[in-house]
Amino acid sequence: MLVSAKEMLQKAKAGKYAVGQFNINNLEWTKAILATAQELNSPVILGVSEGAGKYMTGYKTVVGMVKGMLEEMNITVPVALHLDHGSYEGCLKCVEAGFSSIMFDGSHYPIEENIAKTTELVKICEEKGLSLEAEVGSIGGEEDGVVGAGEVADPKECKSIADLGVTMLAAGIGNIHGKYPANWKGLSFETLEEISKLTGDMPLVLHGGTGIPEDMIKKAISLGVAKINVNTECQLSFAQATREYIEAGKDQQGKGFDPRKLLAPGAEAIKQTVKEKMELFGSVNKA
Ligand code: 13P
């Protein structure tokens with residue numbers, strides 16, 4: 001059964017660890033992430049961007065696939081199926097399709113509009129028992145073709161959004177999606193500390209989990225981050241493992257052309273990445 005992310009994130013915040021959100025793109029990724037979460041007895045959040053949802057033919061397909069896997073793979077750890085960076089319309093579609101969690105990314109709206117739309121979604125999510133993530137201060141880098149500037153959020157605006165009753169809050173603190181440039185200044189822990197003080201028990205979300213040095217990840221968790229999103233690193237490990245398999249000519253041997261064999265090294269690489277992240281975030285054996 002899919003669960004809301006509320007309980008797992010409140011526990012994580014109280015226990016000073018973070019639950020990983022790993023974005024999914026297809027059956028192999030989903031299966032690899034679920035198998036790893038079960039093996040490590042860790043709660044997990046499956047993230048679906050609007051682009052990935054479209055690629056998988058729509059949100060209903062995603063819900064059907066994930067629910068089927070939970071049953072067929074005997075998954076007993078808590079799993080939330082979460083829309084990543086949703087538009088207002090995308091959020092409504094995912095509620096309808098059966099997601100257990102959504103993110104409304106209103107960070108590009110003026111704060112008043114972000115508040116108005118988030119308020120509407122708080123009502124809907126409360127009625128249906130879903131968790132809701134809001135965002136203040138856009139995360140830099142590229143997400144589905146949209147390039148954000150990597151703002152540092154205003155802690156007072158964070159408090160206004162947190163007070164609306166959202167489940168978790170993503171605040172820009174200099175983090176960006178994808179690889180970090182060589183001249184990256186690092187995370188703004190000052191801002192994170194201030195947001196944490198103002199928002200109390202609210203689980204905070206760190207986007208752009210790929211490429212943040214381990215000591216910064218640990219410090220962010222100690223300052224109230226309870227959910228960390230990872231996407232690019234799984235993509236890179238999947239691509240590299242697939243490339244190595246092909247370059248070694250293994251796809252030309254025996255039944256190597258079998259798509260199940262061709263995709264297997266990439267899936268194994270994703271498992272390894274997810275394992276390393278769960279260990280770093282401290283969510284192992286927290287199911
Ligand atoms: P990365 O692609 O940098 O891991 O970020 C993922 C993310 O934040 C998804 O919302």
Side-chain angles (χ1 to χ4, degrees), residues 5 9 18-26 29-30 32-33 36 44-56 62 80-87 90-91 94 99 101-108 131-153 166-182 184-188 192 203-214 216-217 220-221 225-240 269-270 272-278 280-281 283:
L9 292 183
V19 178
Q21 173 193 306
F22 301 95
N23 285 45
I24 59 171
N25 288 284
N26 59 20
W29 290 43
T30 314
I33 296 164
T36 310
V44 73
I45 299 171
L46 301 177
V48 181
S49 69
E50 295 204 345
K54 206 165 157 188
Y55 174 76
M56 289 183 273
V62 178
L81 180 59
H82 180 74
L83 173 66
D84 189 27
H85 291 281
S87 60
C91 284
C94 285
F99 274 53
S101 186
I102 53 174
M103 172 187 187
F104 171 56
D105 182 353
S107 62
H108 46 283
S131 42
L132 173 64
E133 176 177 340
E135 178 172 324
V136 180
S138 80
I139 315 292
E142 189 179 325
E143 181 87 353
D144 274 347
V146 181
V147 180
E151 294 165 8
V152 173
V166 300
T167 318
M168 60 271 209
L169 183 74
I173 51 166
N175 42 329
I176 59 171
H177 293 122
K179 284 186 175 173
Y180 286 83
W184 181 51
K185 291 197 204 83
L187 298 175
S188 170
L192 180 59
L204 301 175
V205 184
L206 185 63
H207 282 247
T210 299
I212 300 179
E214 289 194 14
M216 286 196 202
I217 293 275
I221 294 173
V225 163
K227 171 177 179 277
I228 302 178
N229 294 3
V230 178
N231 180 27
T232 306
E233 203 157 330
C234 289
Q235 294 184 346
L236 292 172
S237 51
F238 181 84
Q240 190 182 333
I270 288 179
Q272 188 55 34
T273 299
V274 171
K275 183 170 185 265
E276 284 165 13
K277 295 296 166 194
M278 286 177 166
L280 173 64
F281 300 165
S283 70

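Just the heavy atoms: all of them, side chains too, but no hydrogens, waters or symmetry mates, feed the values below. As the structure lists them, so they are numbered: ligands from 1, and atoms in each ligand from 1.
Ligand 1 has a nitrogen or oxygen under 3.5 angstrom from a nitrogen or oxygen of N229. At a 3.5 angstrom cut-off on N or O pairs, N231 counts as close to ligand 1. The N/O atoms of V230, backbone and side chain alike, include none that comes under 3.5 Å of an N/O atom in ligand 1. Remark: ligand 1 and N23 share no N or O pair separated by less than 3.5 Å (distance only, no angle test).
Using a 4.0 Å cut-off between heavy atoms, H85 contacts ligand 1 through its side chain alone, with no backbone atom that close. For T210, heavy-atom contacts with ligand 1 shorter than 4.0 Å involve the backbone as well as the side chain.
Residue-ligand proximity, G209 to ligand 1, at heavy-atom distances under 4.0 Å covers atoms 3 (O), 4 (O), 5 (O). Listed by number with element, the atoms of ligand 1 under 4.0 Å from a non-hydrogen atom of T232 are 1 (P), 2 (O), 3 (O), 4 (O). Atoms of ligand 1 lying under 4.0 Å from at least one heavy atom of H207, given by number and element, are 8 (O), 10 (O). Of all atoms in ligand 1, numbered sequentially from 1 with element shown, those under 4.0 Å from a heavy atom of G178 are 1 (P), 2 (O), 3 (O). Numbered from 1 in the order shown, with element, the atoms of ligand 1 that lie under 4.0 Å from a heavy atom of H177 read 3 (O), 5 (O), 6 (C), 7 (C), 8 (O), 9 (C), 10 (O).
Side-chain contact annotation: D84 with N23, donor-acceptor N/O pair under 3.5 Å present. Side-chain N/O atoms of Q272 and S237 include no donor and acceptor closer than 3.5 Å. Under 3.5 Å, the side chains of H207 and N175 contain no donor-acceptor pair of N or O atoms.
For the pair Y55 (side chain) and E50 (backbone), a donor-acceptor distance under 3.5 Å is absent. For the pair T210 (side chain) and E233 (backbone), a donor-acceptor distance under 3.5 Å is present.
For F104, the ring-ring contact (aromatic ring centres under 6.0 Å, His included) test picks out no residue, with sequence neighbours left out. For the side-chain hydrogen bond (donor to acceptor under 3.5 Å, both in side chains) test, no residue two or more places apart in sequence or in another chain qualifies with T167.
Taking the ring centroids of H108 and H85, they lie at or beyond the 6.0 Å cut-off.
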